[in-house]
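When a ligand or atom number is given, it counts from 1 through the structure's own listing order. FYI, the numbering just counts along the sequence from 1. Computed from heavy atoms alone, side chains included, the values below leave out hydrogens, waters and symmetry copies.
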Amino acid sequence: MTKIESIRSEFVEYIPDDLEDGVLYISIPYATAVHKCASGCGETVVTPLKPTDWSLIWNRDEISLYPSIGNWSLPCKSHYWIEKNEIIWARKWSDAEIKRGRRKDSKRKKHYYKNTKKHNEI
Ligand SMILES: [Zn+2]
């Protein structure tokens, strides 16, 4: 497996079936970004662009995704940041950290949706 060091962005309406390594496909109409795992394992990584998921920072030709991408459900369990078109490798998390991260994530989502509901009721 060859690790990918950099990634470029491609704005599309529909995510293509055949994904190229080192390309982040961004669909604004579907608020989704998709890329092939930077570990080179060949798996597809989907990052929804929503307030509760990922944010895309787009500065001229440079893209960054926030927060980091933790592919805990993939066999490679890779963890990296996409920052200014570069793959910044982060260390792998332990099982305990993954559990903690997931708990925090679902708490954050609950909080977000509760507030959204409140807002809509007004
Ligand atoms: Zn991988």
Side-chain angles (χ1 to χ4, degrees):
M1 292 197 291
T2 321
K3 276 192 180 182
I4 292 158
E5 316 258 300
S6 68
I7 196 158
R8 66 180 170 87
S9 54
E10 205 172 300
F11 284 85
V12 292
E13 186 174 0
Y14 302 103
I15 305 298
D17 290 333
D18 284 323
L19 303 178
E20 240 180 83
D21 275 331
V23 181
L24 180 72
Y25 297 90
I26 301 157
S27 170
I28 297 295
Y30 293 95
T32 300
V34 176
H35 69 283
K36 271 191 153 182
C37 178
S39 74
C41 69
E43 298 280 349
T44 302
V45 179
V46 181
T47 47
L49 305 174
K50 288 189 213 152
T52 50
D53 292 293
W54 279 271
S55 308
L56 179 76
I57 301 141
W58 186 42
N59 186 7
R60 289 184 210 166
D61 290 333
E62 291 182 333
I63 41 137
S64 307
L65 266 187
Y66 182 86
S68 64
I69 296 160
N71 295 320
W72 319 127
S73 51
L74 299 183
C76 68
K77 287 198 166 53
S78 57
H79 182 204
Y80 49 86
W81 296 82
I82 295 180
E83 205 177 303
K84 294 182 178 164
N85 290 8
E86 267 181 58
I87 306 290
I88 316 278
W89 288 92
R91 77 184 169 83
K92 284 183 188 173
W93 280 10
S94 67
D95 288 345
E97 282 175 303
I98 293 170
K99 249 186 228 158
R100 214 165 18 214
R102 284 208 174 123
R103 240 190 337 249
K104 222 164 106 189
D105 190 52
S106 71
K107 226 190 238 169
R108 199 162 49 93
K109 280 191 182 162
K110 246 184 233 155
H111 182 76
Y112 174 80
Y113 287 119
K114 211 170 74 193
N115 285 353
T116 318
K117 207 173 143 207
K118 249 188 230 152
H119 184 73
N120 289 343
E121 282 166 358
I122 293 168

Quiz prompt | N, O or S atom of Asn71 closer to the Zn ion (ligand 1) than 2.8 Å | solution = no
Self-check item: Within 6.0 angstrom of Phe11 CZ, more than 12 heavy atoms from elsewhere
Solution: yes
Quiz item: Under 4.0 Å between a Lys/Arg side-chain N and an Asp/Glu carboxylate O for Arg102 and Asp105?
Solution: no
Self-check item: Donor + acceptor pair across side chains of Ser78, Asn71 (<3.5 Å)
Solution: yes
Quiz item: Angle at the Zn ion (ligand 1) between SG of Cys41 and OG of Ser39, to 10°?
Solution: 100°
Quiz item: What angle, in degrees and rounded to 10°, do you get at the Zn ion (ligand 1) when you join it to SG of Cys76 and to SG of Cys37?
Solution: 110°
Practice problem: Before accepting this row, confirm whether a basic side-chain N of the pair Lys3/Glu5 lies closer than 4.0 Å to the acidic partner's carboxylate O. | Solution: no
